[in-house]
Novice: 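Mind looking over this structure? Questions follow.
For ligands, and for the atoms within them, numbers begin at 1 and follow the listed sequence. Numbering of residues begins at 1 and proceeds along the displayed sequence. The model shown is predicted, which means the values in this text are computed figures rather than measured ones.
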Amino acid sequence: MITIDRVSKTKGRTRILYDVSFEARPGRVTGFLGPNGAGKTSTLRVLLGLDRADGGTALVCGHRYRELSRPLTRVGALLDGSGAHRARTARAHLRWVAASNGLPGSRADEVLEVVGLTGDAGKRAGRFSLGMSRRLGLATALLGDPEVLILDEPVNGLDPSGIRWMRTFLRERAAQGHTVLLSSHLMGELAETADDVVVIDKGRIVVSGSVAEVTGDHRTLEDAFFALTAQSGGASW
Ligand SMILES: Nc1ncnc2c1ncn2[C@@H]1O[C@H](COP(=O)(O)OP(=O)(O)OP(=O)(O)O)[C@@H](O)[C@H]1O
């Protein structure tokens, strides 16, 4: 469960988040949708304790991220890059993260298999393509078999089969009762993957609900998005 309640944030002199509130529930894929610069990454960084909010609360599993003991076993996160040192092999990176979180080294090969990187386990992370780096980042997020997954633009850099794989993987994860929150600016992709959608524009939540609710009478989620953001002052994609 993820609960974000009236989070506000200023960077420099600019207010970038205005009373952002929404929930992501277990057993559902929640899509966090918005144009470039809308505030998706900023919200996720507050949620993951990487940035401090000026006001409001952002809770994962009922706690602030920083208060979680053994956080990797509760929350898996994928922001930009794989997080691996260029000179480390994929397996060595995963074993290192596992060891520093009190997890068995055997998890490294298990998660490499889950993300389809078994054949690349001995390759240095610096030689990975963008898509392979995303998979390695996801493998790292899965090490502790967490109940919550938080992914920032997870399909960036993936080829069509990779996108399809990611969609199936996230759907299965939610079907097992986990909470999945992913940000994206790809509306078509989110409409295929998500159960619920939260739309953010210029630092404000514009609408949230199930894909069907948010789509409403519009033909597609994309049509709904443009109509909604036009009502809230217009958006540029
Ligand atoms: N360090 C910073 N200093 C000042 N402004 C910043 C900083 N980081 C982000 N911003 C601003 O905050 C706003 C939200 O940015 P954010 O990266 O959260 O958007 P986003 O929705 O994730 O966009 P994208 O889809 O492009 O990744 C933008 O207007 C951005 O310019």
Side-chain angles (χ1 to χ4, degrees), residues 2-24 29-60 64-66 75-83 130-131 133-135 137-138 141 148-158 162-163 166-167 170 179-194 196-209 211 214 220-222 224-237:
I2 293 169
T3 313
I4 299 186
D5 186 26
R6 284 167 292 154
V7 164
S8 61
K9 173 88 190 151
T10 302
K11 276 207 170 156
R13 288 188 191 164
T14 314
R15 182 99 181 255
I16 56 170
L17 298 176
Y18 296 81
D19 290 334
V20 167
S21 299
F22 67 89
E23 286 185 344
V29 175
T30 302
F32 192 27
L33 182 64
N36 290 136
K40 303 180 295 293
T41 303
S42 303
T43 304
L44 299 185
R45 287 184 61 84
V46 167
L47 182 58
L48 292 166
L50 297 168
D51 282 333
R52 197 178 288 274
D54 301 329
T57 51
L59 306 180
V60 226
R64 289 177 203 270
Y65 184 88
R66 284 163 190 254
V75 185
L78 173 63
L79 296 184
D80 50 355
S82 68
L130 186 55
S133 291
R134 300 304 278 168
R135 285 179 190 249
L138 180 61
V148 174
L149 271 184
I150 299 171
L151 314 168
D152 196 12
E153 305 273 4
V155 301
N156 265 7
L158 296 184
I163 292 176
M166 179 69 79
R167 182 190 303 156
L170 297 178
T179 303
V180 179
L181 174 65
L182 74 150
S183 79
S184 183
H185 58 270
L186 303 171
M187 288 175 280
E189 174 51 32
L190 266 196
E192 297 270 340
T193 313
D196 297 322
V197 194
V198 178
V199 180
I200 185 168
D201 186 27
K202 299 189 183 79
R204 290 185 168 85
I205 300 299
V206 180
V207 68
S208 58
V211 171
V214 173
T220 62
L221 182 62
E222 185 170 329
F225 175 85
F226 284 116
L228 287 159
T229 50
Q231 279 164 28
S232 76
S236 53
W237 284 66

Novice: Would you say S8 and D54 are linked by a side-chain donor-acceptor pair, where the criterion is simply a distance under 3.5 Å?
Specialist: no

Novice: Looking at CG of L78 and OG of S183, how far apart are the two atoms once the value is rounded to the nearest 0.5 Å?
Specialist: 9.5 Å

Novice: If we check salt bridge (charged side-chain N to carboxylate O under 4.0 Å, His left out) with D51, which of these qualifies: R66, K9, R45?
Specialist: R45

Novice: Check each protein residue for a heavy atom under 4.0 Å from ligand 1 and list those that pass, ordered by chain and number.
Specialist: K11, I16, P35, N36, G37, A38, G39, K40, T41, S42, E153

Novice: Where the side chain of T14 meets the backbone of I16, is there a donor-acceptor pair that is under 3.5 Å apart?
Specialist: no

Novice: Closer than 4.0 angstrom, basic N to acidic O: yes or no for R134 and E153?
Specialist: no

Novice: Which value, rounded to the nearest 0.5 Å, describes the distance between L47 atom CG and I2 atom CD1?
Specialist: 5.5 Å

